[in-house]
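The sequence lines fix the lettering, A, B, ..., with proteins before strands; numbering per chain opens at 1. Only heavy atoms go into these numbers, but all of them, side chains included; no hydrogens, no water, no symmetry mates. Source: prediction; values computed, not measured.
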Amino acid sequence: MSRYTASELEPKWQKAWEEAGVFTATRDDSKEKYYVLEMFPYPSGKLHMGHVRNYTMGDVISRYKMSCGFSVLHPMGFDAFGMPAENAAMAIGGHPKTWTYENIDTMVEQMKPLGLSLDWSRMFATCDVEYYGQQQALFLDFLEKGLVYRKNAIVNWDPVDMTVLANEQVENGCGWRSGAPVERRELTQWFFKISDYSDELLTALDGLENWPAKVRLMQENWIGKSRGLQFSFERVDGEEPITVYTTRPDTLNGASFVGISPDHPISKELEADNPEVAAILAEMRKGGTTEEAIETAEKLGYDTGIKAKHPLTGAELPVWIANFILMDYGTGAIFACPAHDQRDLDFCRKYDLPVIDTFFALDNETPVENEAFVPMKSEKVKWVNHFAGLDEATGEDAINVTIDLAEKDGWGEGVTKFRLRDWGLSRQRYWGCPIPVVHCDSCGVVPEKKENLPIELPFDVSFDQPGNPLDRHPTWRDCACPSCGAPAKRETDTMDTFVDSSWYFARFTAPDAETPTDMAEAEYWMNVDQYIGGIEHAILHLLYSRFFARAMQICGHLPDKAIEPFDALFTQGMVTHEIYENTTRKTPEGRTLYHYPEEVEKRDGNTYVKGTDEQLKVTPSAKMSKSKNNVVDPIEIINSYGADTARWFVLSDSPPERDVEWTASGAEAAAKHLNRVWNLCDRIGEMDKDAAGQGDEDLLREVHKAIRDVTLGVESFGFNAAIAKLYGFTNTIQKCKASYKAQREAIMTLAQLMAPMTPHLAEDIWAHQGGEGLVINAPWPKADESLLVESAVTMPIQINGKRRAEISVPVDMAKEEIEKLALAHDAVVKALDGGAPKKLIVVPGRIINVVV
RNA sequence: GCCCGAGUGGCGGAAUGGUAGACGCAGGGGAUUCAAAAUCCCCCGCUGGUAACAGCGUGUGGGUUCGAGUCCCACCUUGGGCACCA
C-alpha cells in the first residue's frame, strides 16, 4: 500500500502542467474564450490567507472552465506602486523599488506551490516601466480628449512636516509622525472628468446583472443622482446673490438661515480682509478631509452679518458659515431647515437660531424640540401654510409642486445633480507613475511628447526627510519644454495608485504590446468573464475601472463591448483576525505597535507577546491588514500539509461571500479527508478487477447526483456546498459494495469533480487508475438526467404548521390522492379527533399542512 | 454622521416562504491493538423524561402567512466603504 505524500506529488504535477503548457493562454478563434481574474495583490511581501482564498476561488473557476473546453486566460500581476514601499524606505532604509521587487519575488515564490492555473508568462507589476510608460501614454490621450484637467482641491496638510498626508496618515485629526493637528489646504491638482459620466455609469449599472445587487446599490448611492431646486438668495446689501441647491425645496418656509461652506468664495473673500474670520475659518479647517471627519466634527458656525432675502416671504435670513457644508457638493451653499434636518437643528440649537415647523405627522402636531422630524419622502404629512397651498401631501409630491411653482414664477429651476465628484489623481509622492507634463514659464502646462515616454522615475533619491523626493531631485526636475525647448520643470506629482489598477485587466490581454493594448487581443479576450475580489473594492476601484474602460474606448484602446469590463463580479468575504496592540511600547518611529499572530500567545485568559509577560490589548476581528499586522501566514500550512489541503480548507468551511474568522483548527481535518480519498483510490486499485458486486446501479445514480450537485455548486460559487457534496460522495463510495468497474468509475469521477479544488491529488488519482492523459485536459463529466429521476418522495405532514409525521408517496401522485393518504394517517386522525380539518394545504413533492 | 452587509448548536456553517441544524470540527461511546498512533462504527441543539414523547429554539420586540432562519417594521450587536490604505 502506498501513502499520500503531498510534498512529493505536488511538485511532480506542477512540473507536468508546466511541460504540457496547459495554462498558457493562447488566442484560438476556433474556441470560446473565458477570462477569469482575481484582483491583483499589493506586494506586501507576505502572502496571506485572504490571497489564498481569493486565488483558489479563481483557480476553481479557471480549471472548471478549462475542463469545459474554453480557452482560458487567468493572469496574475502586482499592484506595486503605493505608500508602504516609501514607508519601508523611511523606516528601515533601502529603496522603494528594491523593496517592492524583492517582495514580488517572495510572493511569487509563495504562490507557485499553490499550483494555481496561472499564465505566469503574462505577469507584470504596475511599477514596471513598461507598464507605467503605457499608462503615461493613456494619460496623454485622455488629456487630448479633454478627460483630464487641473483644478484646486483640498488635501490634508501636516504643518510641521510641511507635507501632504494620506487619510490613513491622519490619526484623530493629527499627523501620524508629527502629531500636529492636520489642516485642510488647497493645492492645484489633476482630475479625471468622471463626473461627465455620472448618468452613464449609473444607468449602465442596470446591465450588470451578474454583479452582486449590493455592489450596484452601493455604486448607485455613491453616484447619488438627485433632483432638486437651484435658486438664489438676493443679498440685502445688493452684492452678488447666493445660489443654493436643495433636495427639499418644499421646506423653504422652514428656512432659518443661509449656510455657506468655509471654502465658499464669500467665505474666502471675508477671510481675506478680516483676521477674525481668518482665525475662525482656520479653526474650521482643522482635522482631516474625509467626509466622516467633516460630518462628525463638532458643528461650528460664524455669522457673517450678511442678510439674504427669502425668495417667497421677503424675510431677512442671516448668512452663516458652517463647517459641515461641503464645497464639493451642490453649490457649496444651502438654506437650513432645522425642523426637518438633524444637522441643521443641532446647529440652530447651538447658535440659538429659530426652528420653524413646516409640516407635521398626520396624527401628531407636536413642534420639533431637539429631534428633527424627518419622515420618509413617500409619507403623507400635514403642511403648515404651504406656499403652494398644499394641505396633506407626501414630501415627494410637495417637492415636485414646489419645483414647478419656482419654474413658473421664475425664481428657481429644477436641477439634477450628482454626488459623484471628479477623480483627483495627483499625489505628492515618489513611488508612483510620474504625470507626464512639463511646466514652462512661457508655455504653461505642456504635455510631454509621446516619443519621450516613458518618463522614468529616477533611482537616486533619499527618504531621510518628509515630502516628495522628486521635488528636491537635483536634475530630474529640470528638462526642456516639449513645446518651445526652453528650460522647464517636470511635474513632480505622481498618479494615484487607483489609476494603475483601473486598466491592468486590459493590459493582461497583451502585456508586451508597444501600445497600451493590442486591439486584436483585446477584441478576443475582453471582457473579464468573471472578476473576483474583496467587497472593500465595491465602490472606488470598480467605479474607476468602469470609467477608465469608457475613456480607453474613446481613445481607441478598447473595443466598444469593453466599456463595462467585468461581465460578472463576485465579492468574496474577507479573512479576518483579532488585532494585537501593544499598549506599552511603540514602534521605533513612535507609531502604534501591532503584533503578528505568530508573535502572540494566550495564557490564563490574557494575551502576551510570546515568551514574555508583556500583555497585549486584543481588538476584535477585523480584515487582515498589513498596517495592523493581523495576518496569518499560509505558508506553514502548505509546508506541513501541502497546497491541496490549504486549498480544500479555505474553500470548505465558509460561504465564499462571507467573512471568515481565521482559526487554526480545521486544516488538519482537510488533510485527513484528502488522505482518506487517496486511501480509497488505493484500495479500489487493488480490487479484483473481475469481482462482481452489489448495488452498481445505486452507485451509478450517486455518481450522477454528485456530478449534478458539484457542477451546480461550482457554477454558483457555492464552493462550500460543493465540498459538502464531495464529502458525502466519498462516504458513499467508501461504503458501497459495488463491482470494481463501478467503483473505478466512481473514483475517476470523484477525481474529476475534485480537480478544480485539489488539482494535484486529482491528477494522482487519475493516473493511479490509469486515466488517459491529464485530468485537467479531460472533459468535465455530464450528469445523465435519466439517472436522476426519483420514483418516490418523502413528504412531511404538518399539523398547524408543526411537523408531526411523514409519508412516502410516488412523485407523480395526484394531489387528491395525497390528501386522502394524509387524512388517513394516524397522527392526523388523532389530531382531528373525529372533526373535519379547517384547512388542508398540499404542495406536491413538498409538504402537507393540516389546520385543525 | 451617511451608504451597504451580517447575526442559526460548544465551533465553522446548511436550508427555491415548506421536515431548522446538511457537511465538517470539537466532544462522548465502541471496534481494532500488548499499548498507542492511524483507521473504522455509533451518538451528539436545549430542557424534562429510563423511554415513547412533550415543550422550547435561527440577535431582540412586533407584524404578514396555513406555514417565517427566509418577507415587512422597529431596535441591538457586529463587519465593510466614505473619494490620498490598497
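- Using a distance-only test at 3.5 Å, with no hydrogens or angles considered, no donor-acceptor pair links the side chain of A:E702 to the main chain of A:T732.
- For the OP1/OP2 pair of B:C4 and a distance below 4.0 Å, the side-chain nitrogens and oxygens of A:N221 include at least one atom meeting the criterion.
- Among the nucleotides B:U39, B:U19, B:C23, the one closest to any side-chain atom of A:A724 is B:C23.
- The pairing partner recorded for B:G7 is B:C76, the criterion being a Watson-Crick or G-U wobble arrangement whose two distances lie under 3.5 angstrom.
- Put simply, A:N679 has no side-chain N or O that comes within less than 4.0 Å of OP1 or OP2 on B:U39.
- Here the separation of B:G55 from B:G79, taken at their C1' atoms, is 36 Å to the nearest Å.
- Ring geometry for A:W431 versus A:F81: interplanar angle over 60°, hence perpendicular rather than tilted (30 to 60°).
- Under the Watson-Crick and G-U wobble criteria, each requiring two contacts below 3.5 Å, nucleotide B:G1 is paired to B:C82.
- Rounded to whole Å, atom C1' of B:A20 lies 12 Å from atom NZ of A:K802.
- The separation of B:U58 from B:A20, taken at their C1' atoms, amounts to 7 Å, rounded to a whole angstrom.
- Using modelled atom types, no side-chain atom of A:T497 and backbone atom of A:D500 make a donor-acceptor pair closer than 3.5 Å.
- Between A:M218 and A:M83, it is A:M218 whose nearest contact on RNA chain B lies nearer the 5' terminus.
- With C1' as the reference atom, B:U64 and B:C73 are 11 Å apart, rounded to whole Å.
- Note that the CG atom of A:D709 and the CG atom of A:L726 stand 9.5 Å from one another [nearest 0.5 Å].
- B:G13 adopts an anti glycosidic conformation, its chi angle falling more than 90° from 0.
- As a whole-Å value, the separation of A:E168 CD from B:C82 P is 11 Å.
- Between A:F347 and A:F324, the ring-plane angle classifies as perpendicular under the 30° and 60° cut-offs.
- Going from the P atom of B:A6 to that of B:C53 covers 38 Å, rounded to whole Å.
- Separation of the P atoms belonging to B:A26 and B:C11 is 15 Å when rounded to the nearest angstrom.
- Judged by Watson-Crick or G-U wobble contacts below 3.5 Å, the nucleotide B:G12 has B:C23 as its partner.
- Nearer the 5' end of RNA chain B, as judged by each residue's closest nucleotide, is the contact made by A:T794, out of A:T794 and A:A166.
- B:C4 and B:C71 have their P atoms separated by 16 Å, given to the nearest Å.
- In this entry B:A54 has B:U47 as its Watson-Crick or G-U wobble partner, both defining distances falling under 3.5 Å.
- Proximity of A:T497 to the phosphate of B:A86: a side-chain N or O atom is located under 4.0 Å from OP1 or OP2.
- At whole-Å resolution of the value, CG in A:L543 and P in B:C3 are 19 Å apart.
- In this structure, A:R658 reaches the B:G7 phosphate: one of its side-chain N or O atoms is under 4.0 Å from OP1 or OP2.
- A cation-pi contact, defined as under 6.0 Å to the ring centre and within 45° of the axis, links A:R419 to A:W222.
- Within the 4.0 Å cut-off from OP1 or OP2 of B:C41, not a single side-chain nitrogen or oxygen of A:N731 is found.
- Neither OP1 nor OP2 of B:A83 sits under 4.0 Å from any side-chain N or O of A:R421.
- A cation-pi contact, defined as under 6.0 Å to the ring centre and within 45° of the axis, is absent between A:R216 and A:W211.
- Listed nucleotides: B:G5, B:A83, B:G24. Nearest to the side chain of A:L217: B:G5.
- Pair assignment for B:U70: none, as no Watson-Crick or G-U wobble contacts are both less than 3.5 Å.
- A close approach under 4.0 Å does occur between a side-chain nitrogen or oxygen of A:S654 and OP1 or OP2 of B:G13.
- Residue A:R803 contributes atom CZ, which lies 6 Å from atom P of B:A20 at whole-angstrom precision.
- Of the side-chain N and O atoms in A:K839, one or more sit less than 4.0 angstrom from OP1 or OP2 of B:C66.
- Among B:C41, B:G18, B:G55, the nucleotide with an atom closest to any side-chain atom of A:I841 is B:G18.
- Regarding contacts with the backbone of B:C85, every side-chain N or O of A:R429 stays at 4.0 angstrom or more from both OP1 and OP2.
- Between the CH2 atom of A:W222 and the C1' atom of B:G81 there is a distance of 7 Å, rounded to whole Å.
- Ring pair A:Y531/A:Y504 is tilted by interplanar angle, where 30° to 60° counts as tilted.
- Nucleotides B:A54 and B:G7 have their P atoms positioned 31 Å apart, rounded to a whole Å.
- Residue A:P655 places its side chain closer to B:G13 than to any other of B:A86, B:G13, B:G5.
- A distance of about 24 Å separates the C1' atoms of B:C42 and B:U47, rounded to the whole Å.
- Nucleotide B:A68 holds its P atom 11 Å from the CD1 atom of A:I847, rounded to whole Å.
- Here the nucleotide nearest the side chain of A:E292, chosen from B:G1, B:A6, B:C84, is B:G1.
- The nearest whole Å value for the distance from the CH2 atom in A:W157 to the P atom in B:C84 is 17 Å.
- B:U39 and B:A31 make up a base pair, with Watson-Crick or G-U wobble contacts both under 3.5 Å.
- If you check B:C66, B:G13, B:A83 against the side chain of A:N720, the one that comes closest is B:G13.
- Residue A:R676 places at least one side-chain N or O under 4.0 Å from the OP1 or OP2 atom of B:C40.
- For A:N167, taking side-chain heavy atoms from C-beta onward, the closest of the listed nucleotides B:C66, B:C82, B:C84 is B:C84.
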